[in-house]
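The block underneath contains the structure these notes are about, expressed in structure tokens.
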Amino acid sequence: MSLATTQSIAETRARNKELIEEVLKVYPEKTAKRRAKHLNVHQAGKSDCGVKSNIKSIPGVMTIRGCAYAGSKGVVWGPIKDMVHISHGPVGCGQYSWGSRRNYYVGTTGIDSFVTLQFTSDFQEKDIVFGGDKKLDKILDEIQELFPLNNGITIQSECPIGLIGDDIEAVSRAKSKEYGGKTIVPVRCEGFRGVSQSLGHHIANDAVRDWIFGHLEGDGKPKFEPTPYDVAIIGDYNIGGDAWSSRILLEEMGLRVIAQWSGDGSLAELEATPKAKLNILHCYRSMNYISRHMEEKFGIPWCEYNFFGPSKIAESLRRIAGYFDDKIKEGAERVIEKYQPLVDAVIAKYRPRLKGKTVMLYVGGLRPRHVIGAYEDLGMEVIGTGYEFGHNDDYQRTAQHYVKDSTLIYDDVNGYEFERFVEKLKPDLVGSGIKEKYVFQKMGVPFRQMHSWDYSGPYHGYDGFAIFARDMDMAVNSPVWKKTKAPWKEASSAKLQAAE
Amino acid sequence: MAQSAEQVLDHVELFRDPEYQQMLAKKKLFENPRDPAEVERIKEWTKTAEYREKNFAREALAVNPAKACQPLGAVFASVGFERTLPFVHGSQGCVAYYRSHLSRHFKEPSSCVSSSMTEDAAVFGGLNNMTDGLANSYNMYKPKMIAVSTTCMAEVIGDDLNAFIKTSKEKGSVPADFDVPFAHTPAFVGSHVTGYDNALKGILEHFWDGKAGTAPKLERKPNGSINIIGGFDGYTVGNLRETKRILELMGIQHTVLADNSEVFDTPTDGEFRMYEGGTTLEDAANAIHAKATISMQQWCTEKTLAFVAEHGQDVVSFNYPVGLSATDDLIVALSRISGKEIPEQLARERGRLVDAIADSSAHVHGKKFAIYGDPDLCYGLAAFLLELGAEPIHVLSTNGNKAWEEKMQALLASSPFGQGCQVYPGRDLWHMRSLLFTEPVDFLIGNTYGKYLERDTGTPLIRIGFPIFDRHHHHRSPVWGYQGGLNVLVKILDKIFDEIDKKTNVLGKTDYSFDIIR
């Protein structure tokens with residue numbers, strides 16, 4: 001059904017350029033100028049995608065982006081399971097982000113694990129007027145009393161905290177001392193800071209650096225004997241179990257995973273990470289900061305990897321193995337070989353059903369490029385992609401390693417632009433978020449949520465690829481998409497077309 | 001390796017595979033885990049009366065509260081008007097959250113824009129964001145009205161919506177006569193039901209009281225019409241449609257204010273309808289002339305109803321009319337106010353609900369229930385349980401206040417089945433957890449988050465409330481009116497029978513009681 005497959009690159013480029021011009025017409029002049037910089041058609045050979053990024057969203061356009069709090073509490077800190085994360089401020093932020101990211105973990109929820117609880121200071125008017133520090137002090141006491149097995153507490157600031165002049169750092173220090181050096185981490189991730197979730201990731205990374213690494217005692221942690229094969233998984237949030245279906249491969253090739261950041265992670269794992277021999281980084285966008293810090297401070301090298309789809313998985317396993325001895329290199333080959341029959345069977349089953357189908361993506365800071373290989377393994381083609389909160393280094397990686405010539409690129413796309421693009425390019429599948437899902441399904445376009453895996457997953461690793469393939473097939477080839485037109489209306493529109 | 005192309009296993013099955021289980025067991029070594037015996041001891045301790053006492057002594061911390069913040073309610077109300085775009089002035093992440101939250105419940109698109117204020121706006125105020133934002137929204141989304149509300153950021157820095165909108169219009173963001181009603185909706189006051197109230201009042205005030213000084217105030221010329229307000233309601237699609245059906249049956253001329261029953265239930269037919277249905281702006285203005293305004297949810301409309309009453313209308317409010325008596329009261333009130341006869345068909349429908357209750361009440365009678373949710377929902381459900389002969393034991397509303405507590409207590413005192421019930425305003429679901437452990441009940445009624453309570457305490461959950469994320473489509477069926485009462489009754493009965501089956505389905509142990517006929 002796609003238009004793209006029947007066109008030459010030059011035609012596609014011209015069509016996409018025209019489409020961008022058309023879309024920009026809706027804006028007032030000032031806005032059109034600003035948005036023009038975020039939209040482009042990728043040209044092969046260029047070092048980036050030719051779009052501006054990580055710039056403030058324009059008021060009133062219906063940006064899809066979130067905020068710094070979402071980046072810190074929702075992404076980086078929230079999954080650390082044995083710590084209590086307080087949504088500090090009014091009730092809403094914690095409520096809307098309660099349990100919605102599916103960061104899987106194993107633990108006794110409410111007793112020694114707290115990921116799917118919503119702890120909030122539920123600010124009232126008096127807290128705004130008189131400040132919330134005393135309340136925070138009391139909250140920390142109440143958590144200690146009612147949740148005595150928590151291993152630490154973080155304070156995730158909502159907008160008002162930074163505006164009313166609260167000193168959450170002072171409260172944290174004082175209470176940490178009172179509780180014998182307990183880990184209490186104040187995080188300045190107020191939602192108005194920065195332009196998207198992205199600054200929240202950075203602030204959260206810095207909080208780990210300052211309040212976890214900065215307070216490491218020489219008390220013998222970690223409590224295990226280091227080996228030459230110790231690695232840490234950085235930037236995997238274990239959505240639908242992604243980190244688990246990754247970890248199993250790393251361990252099969254002979255590595256030992258000593259920490260997961262942060263899906264199914266724990267404070268002890270964060271603290272142990274400086275002992276790793278290599279940090280392997282999946283979500284570059286949200287955790288490159290701490291990886292760079294560990295490289296500078298502890299001399300730990302880091303390498304990016306991509307566990308979506310067998311081509312990228314094999315490439316990544318070999319790249320990771322390259323940091324180790326032959327034992328691990330052989331281990332990587334052994335793992336690739338072991339899963340090859342599964343990969344072959346999955347591709348044999350699903351590729352014929354998906355071959356040639358086109359996809360448009362719009363996701364966060366990693367997946368707009370990382371999943372492209374998995375689609376290509378299934379014979380699908382990504383014809384448009386963009387980042388909600390990517391930076392230029394993300395677009396560089398995208399241009400250099402992932403997208404094809406003439407791919408439509410849209411940074412910080414908004415509802416209007418995305419609808420027009422999909423309307424014109426008519427992809428066979430759109431992969432984006434919950435706010436986009438129903439819009440495109442109403443239009444009759446198959447859709448998968450690519451933040452939450454549409455409540456499926458895992459998608460990482462070989463086990464995950466089978467699920468990814470199944471899910472894309474069930475979206476694209478669901479019989480429902482043939483039924484969106486009432487038969488009596490379908491007949492009349494076909495007649496109209498015939499008459500033209 | 002458990003995975004295969006023939007039978008693809010996802011997270012539900014995959015991780016139960018021994019390979020994964022061994023991997024997870026080994027991972028524990030790095031987690032510095034607590035002693036399992038200690039975990040067990042604390043787990044048991046949290047079930048005790050001693051823990052409950054400490055839990056209820058909490059003064060500052062909220063754990064699993066059952067409420068959201070004001071702007072969510074404002075957005076929900078605003079989309080109930082014809083081609084209306086909700087515009088929330090403040091940080092942009094909030095809007096992403098409201099849209100996600102509503103979409104996860106209704107499984108529908110949810111359109112709303114933000115003025116995307118950042119650090120500079122925190123220092124200098126958000127006037128430019130308002131000016132640019134209104135212009136962009138107006139051009140891009142071609143709304144007929146933009147309804148403005150605020151996030152807590154804009155409230156803390158004290159942005160003045162009235163002045164900002166006026167200035168924006170002077171700068172040409174939108175035409176001078178374009179409708180931009182507004183409401184201040186601070187997240188640190190009240191909850192989403194307060195936001196609903198403020199936004200709706202803001203919209204009526206705009207149309208009735210001279211559009212912020214830009215038009216003459218409307219003069220009320222009373223007619224025979226009745227205004228209906230649904231309030232914040234996860235069942236808005238089913239409930240408003242059912243309410244309109246009843247009004248039409250009775251031949252009552254009416255206007256549903258904030259009618260979002262269409263926008264949250266659009267067809268999949270190849271077209272995305274950003275706007276659908278809704279109260280026309282003309283009807284919203286003309287609603288001033290109505291004879292009376294009826295609110296289906298008192299605690300969602302306190303300010304709105306006071307405003308309407310000031311304009312000379314009769315106002316009547318209900319508390320989420322579920323079941324027989326509540327529907328009787330509603331229909332009698334509609335008849336009294338409109339002067340219209342109650343048609344025989346409604347008597348028939350009533351009779352069918354009575355019939356269903358008579359058929360099934362033996363299974364509900366004497367069963368003990370805990371309920372939590374918004375204040376009106378709690379009241380409506382408790383009232384229905386009482387007339388089924390069931391016994392509410394705990395009724396908890398995080399956003400319920402003292403007045404709600406007193407009204408609930410009066411309701412409970414009026415029935416022999418309400419004598420064992422306690423009312424908990426301002427409490428959260430961690431309090432409810434203690435209640436369910438120390439004073440167990442047979443069933444819990446609440447929203448999706450109740451599944452954590454069900455897992456911890458073993459109390460079977462009947463999902464009625466907002467949000468419902470993990471079950472689909474229930475919002476399309478009404479829970480109000482006689483038909484809605486029947487739906488609620490069936491939902492309760494299904495769970496009761498399922499539980500009996502679950503308890504009696506062990507082959508060779510409980511072959512008895514596993515009955516075919518009940």
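Throughout, protein chains are lettered first and strands after them, A, B, ... in sequence-line order, and every chain is numbered starting at 1. Computation of the quantities below employed the complete heavy-atom set of this structure, encompassing side-chain atoms and omitting hydrogens, waters and symmetry-equivalent molecules. Keep in mind it's a predicted model, so treat the numbers as computed, not measured.
For chain A, the option among B/Ala62, B/Ser91, B/Ala57 with the highest count of heavy-atom pairs below 4.5 Å is B/Ala62. The choice from A/Gly107, A/Gly191, A/Ser57 that makes the most heavy-atom pairs within less than 4.5 Å of chain B is A/Ser57. Taking A/Ser456, A/Pro341, A/Gly74, A/Gly415 one by one and counting their heavy-atom pairs under 4.5 Å with chain B, the maximum is reached by A/Ser456. Interface check for chain B: of the options A/Cys67, A/Gly92, A/Ala345, A/Ser266, the most heavy-atom pairs under 4.5 Å are formed by A/Ser266. Ranked by heavy-atom pairs under 4.5 Å with chain A, the first of B/Met153, B/Glu119, B/Gln70, B/Glu6 is B/Glu119. Contact tally against chain A (heavy-atom pairs below 4.5 Å) for B/Val113, B/Ile42, B/Leu61: the top residue is B/Leu61. When each of A/Tyr27, A/Trp244, A/Tyr416, A/Tyr69 is scored by its heavy-atom pairs under 4.5 Å with chain B, the top score falls to A/Trp244. The residue among A/Ser245, A/Cys93, A/Gly132, A/Ser196 with the most heavy atom pairs within less than 4.5 Å of chain B is A/Ser245. Of the residues considered (B/Ser111, B/Pro467, B/Ser191, B/Pro186), B/Ser111 shows the highest number of contacts with chain A, using heavy-atom pairs under 4.5 Å. With chain A as the partner, the residue from B/Lys142, B/Met1, B/Lys27 showing the most heavy-atom pairs under 4.5 Å is B/Lys27. Among A/Ile128, A/Val195, A/Ile86, A/Ile64, the residue with the largest count of heavy-atom pairs under 4.5 Å with chain B is A/Ile128. In terms of heavy-atom pairs under 4.5 angstrom with chain A, the leader among B/Pro65, B/Ser103, B/Ser100, B/Ala121 is B/Pro65.
B/Arg433 forms a cation-pi arrangement with B/Trp430, by the criterion of a distance under 6.0 Å to the ring centre and an angle within 45° of the ring axis. For the pair B/Arg58 and B/Phe56, the NZ or CZ position fails the cation-pi test of under 6.0 Å to the six-membered ring centre and within 45 degrees of the ring normal.
Ring pair A/Tyr96/B/Tyr98 is perpendicular by interplanar angle, where above 60° counts as perpendicular and below 30° as parallel. By the 30° and 60° cut-offs, the orientation of the rings of A/Phe147 relative to A/Phe119 is perpendicular. Note: B/Tyr449 and B/Phe469 have perpendicular aromatic rings, judged against thresholds of 30 and 60 degrees for the angle between ring planes.
Side chains of A/Thr120 and A/Ser87: no donor on one and acceptor on the other come within 3.5 Å.
Looking at A/Glu269, its side chain does come within 3.5 Å of a backbone N or O of A/Gln260 through a donor-acceptor pair.
The six-membered or imidazole ring of A/Phe123 lies away from that of B/Phe188, with a centre-to-centre distance of 6.0 Å or more. Ring-centre distance between A/Phe224 and B/Phe30: below the 6.0 Å cut-off. Note: B/His11 and A/Tyr455 fail the aromatic proximity criterion, with ring centroids not under 6.0 Å apart.
Rounding to the nearest 0.5 Å gives a distance of 4.0 Å between CG of A/Asn151 and CG of A/Asp82. The OG1 atom of B/Thr118 sits 9.5 Å away from the CZ atom of A/Phe192 when rounded to the nearest 0.5 Å.
The contact between B/Ser137 and chain A is made by backbone and side chain atoms together, counting heavy-atom distances below 4.5 Å. For a residue to count as touching a neighbouring chain, one of its non-hydrogen atoms must lie under 4.5 Å from one of that chain's; by this rule B/Met117 touches chain A with the backbone only. Interface remark: B/Glu155 contributes no atoms to any contact with chain A (heavy atom separation under 4.5 Å). In this structure, the portions of B/Lys107 lying under 4.5 Å from any heavy atom of chain A include both its backbone and its side chain. There is no contact between A/Trp453 and chain B, counting heavy-atom distances below 4.5 Å. In this structure, chain B has heavy atoms under 4.5 Å from both the backbone and the side chain of A/Asp264. The parts of B/Glu31 that come within reach of chain A are both its backbone and its side chain, each placing non-hydrogen atoms under 4.5 angstrom from that chain. Contact of A/Lys437 with chain B is not made at all, since no heavy-atom distance falls under 4.5 Å. With a 4.5 Å cut-off on non-hydrogen atoms, B/Cys112 touches chain A through its backbone but not through its side chain. When heavy atoms are compared at a cutoff of 4.5 Å, B/Leu72 approaches chain A by way of both its backbone and its side chain. For B/Tyr452, the part sitting under 4.5 Å from any heavy atom of chain A is the side chain, from C-beta outward, and nothing else. Proximity to chain A is absent for every atom of B/Pro33, based on heavy atoms less than 4.5 angstrom apart. Residue contact with chain B, scored on non-hydrogen atoms closer than 4.5 Å, is absent for A/Phe440. Using a 4.5 Å cut-off between heavy atoms, A/Glu419 contacts chain B through its side chain alone, with no backbone atom that close. Neither the backbone nor the side chain of B/Arg273 comes within less than 4.5 Å of any heavy atom of chain A. Of the atoms belonging to B/Met274, it is side-chain heavy atoms, and not backbone ones, that fall under 4.5 Å from chain A. Proximity to chain A is absent for every atom of B/Asp470, based on heavy atoms less than 4.5 angstrom apart. The contact between B/Val156 and chain A is made entirely by side chain atoms (from C-beta outward), counting heavy-atom distances below 4.5 Å. Interface residue B/Leu85: only side-chain heavy atoms are found under 4.5 Å from chain A.
Counting heavy atoms from C-beta outward, B/Gln92 and A/Arg65 have side chains that approach closer than 4.5 Å.
Taking each heavy atom of B/Leu429 and B/Ala66 in turn, the nearest pair found is CD2-CB, 4.2 Å. Nearest heavy atoms, A/Ser97 versus B/Tyr97: CB-OH, 3.7 Å.
The salt bridge (charged side-chain N to carboxylate O under 4.0 Å, His left out) test applied to A/Lys138 returns B/Glu59, not counting sequence neighbours.
Pairs of residues two or more places apart, or lying in two chains, that qualify as salt bridge (Lys or Arg N to Asp or Glu O under 4.0 Å) and include a residue from residues 33-42 of chain B are B/Glu38-B/Arg41, B/Glu40-B/Lys43.
For NZ of B/Lys28, the number of neighbouring non-hydrogen atoms (other residues, nucleotides, ligands) closer than 6.0 Å is greater than 12.
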